[in-house]
2 protein chains.
Amino acid sequence: MKETIKKAAAALFAEHGYAGTSLAQISEKVGIKKPSLYAHFKSKDHLFECIIQDAFDAETKRVEAADDLYKLLESYLFLYEEDALFRFLLTSSFFPPDFLKKRILKKYDEYLQSLEEKVKMVLPSDSVHTEDAAIMYTIILDSLLVELCYGTRERSQKRLDTAWRVYEQAFMKGQKKR
Amino acid sequence: MKETIKKAAAALFAEHGYAGTSLAQISEKVGIKKPSLYAHFKSKDHLFECIIQDAFDAETKRVEAADDLYKLLESYLFLYEEDALFRFLLTSSFFPPDFLKKRILKKYDEYLQSLEEKVKMVLPSDSVHTEDAAIMYTIILDSLLVELCYGTRERSQKRLDTAWRVYEQAFMKGQKKR
DNA sequence: TTTTAACTAACGACCGGTAGGAAGGGAAAG
DNA sequence: CTTTCCCTTCCTACCGGTCGTTAGTTAAAA
């Protein structure tokens, strides 16, 4: 049940934001009455925090498990379409409720850092500009996430293709092409 | 007075979102009572729409007046810090209230298109990959806006530097460096 | 027998919005 | 020049509705 509630709430929070989603909407989507939510979560804030913790954990695992930089980028295309929890993470990071702003910023920082380390690990150590490569990678990722929020799937794919061509040319010369 | 209200509302909407900002907060910030707002705007929706129209108009003008691609990117760094109306545009585009989602998406499309045309105008016509250059430019811009929302000023600047170095190398070889 | 998870009822606070009137300024009429 | 009138802009008081949350109860599970 707890998971059912989190799932429904994540979808609603992702679409309408924290302030724009009411407990009445959540309970209705789950199929229970509003006060019943309090048997599982002690407040709206608490519910939100539980979900975002799940979302960060899942995303961290994904990044840690990745071994191909391009595939990691590409995976976000599917993820955005099919995983409400990921959409929740995205919109809540772009626009967190006030009471979580600081903590989310911190987590985003850690996330960026883990991404940079991942890039430095995967890229050949004889590359001269690994730091630049890491920054450029986060640039591509962030722009991809923005495009996913707005554009069509096709346009996101095109953006990824173009960006990756430039990226390979700049930082992976001589490496095996994917 | 109308302008005073719009200014205060824009700052609040930018920080807390549409649903997270109440008319009571706005009127308090302005220094009048809540019902007085209705002498100037017929509803909360209407107020929001007026502001976002202003914001889009201002941003469109800025892009049209630009003649240097790098300077245009750089200008966003200042803009984000000093212009509440721009921050409003940013957050409202990332996360629009439901009743405006469609219209804002459309405006964003037009905005991207005007940006692409701007890039094609400014870049030398003998460039082979003007289309790629245009897409890559929007990638850099979007990622810069994301970083502005989260990171420090310095990190945004670094991101811009790195991205621009790659961009010049890929699309402006042989052109005068800035 | 204790715990858990659901319910109904209701709370105070706040929401966007309305009614109706007071104060002030500017233009028109005397 | 004064008076009247109107329009704008603000106010106080209040509306119905929704918000997140609590109290108290019930029924089934452990």
Is the shortest distance from a Lys or Arg side-chain nitrogen in Arg62(B) or Glu59(B) to a carboxylate oxygen in the other one below 4.0 Å?
yes

Does any N or O in the side chain of Tyr80(A) come within less than 3.5 Å of the main-chain N or O of Leu90(A), such that one atom is a donor and the other an acceptor?
no

Any idea which of dG17(C), dT12(D), dT21(D) is nearest the Tyr38(A) side chain?
dT21(D)

OP1 or OP2 of dT18(D) sitting under 4.0 Å from any side-chain N/O of Ser22(A)?
no

Give a yes/no verdict on a cation-pi contact between Lys6(B) and Phe88(B), requiring under 6.0 Å between NZ or CZ and the six-membered ring centre and an angle within 45° of the axis.
no

Separation of dA6(C) atom P from Phe41(A) atom CZ, nearest Å, is 11 Å

Hey, which sits more toward the 5' end of DNA chain C by its nearest nucleotide, Lys34(A) or Ile5(A)?
Ile5(A)

salt_bridge(Arg155(B), Asp109(A)) N-O dist < 4.0 Å:
yes

So, is His40(A) near the phosphate of dT4(C), with a side-chain N or O under 4.0 Å from OP1 or OP2?
no

Using whole Å, report how far NZ of Lys2(A) lies from P of dT4(C).
11 Å

Quickly work out the Ile26(B) CD1 to dC14(C) P distance and round it to whole Å.
17 Å

Rounded to whole Å, CD of Glu28(B) lies from C1' of dC15(C) at a distance of 15 Å

Separation of atom NZ in Lys42(B) from atom P in dT18(C), rounded to whole Å
11 Å

With heavy atoms under 4.0 Å as the rule, sort Ser27(B) into base, sugar-phosphate or nothing.
nothing

Quickly work out the Lys33(A) NZ to dT25(D) C1' distance and round it to whole Å.
16 Å

Whole-Å distance, Leu12(B) CG to dG16(C) P, equals 12 Å

Please report the C-alpha distance between Ile32(B) and Leu37(B) in whole Å, then the side-chain angles of each, then the deciding distance to 0.1 Å, and finally whether the side-chain contact (heavy atoms from CB on, under 4.5 Å) criterion is met.
CA-CA 8 Å; Ile32(B) 61 176; Leu37(B) 294 174; 4.0 Å; yes

Please figure out whether Pro35(A) or Lys44(B) has its closest DNA chain C nucleotide nearer the 5' end.
Pro35(A)

Select one nucleotide: of dT22(D), dC10(D), dT12(D), the one nearest the side-chain heavy atoms of Met1(B).
dC10(D)

Closest of dG17(C), dA23(D), dC11(D) to the Ile32(B) side chain is dC11(D)

Nearest-Å distance, CZ (Phe99(A)) to P (dG20(D))?
12 Å

Considering only heavy side-chain atoms of Ser36(A), the closest of dT22(D), dA6(C), dC11(D) is dA6(C)

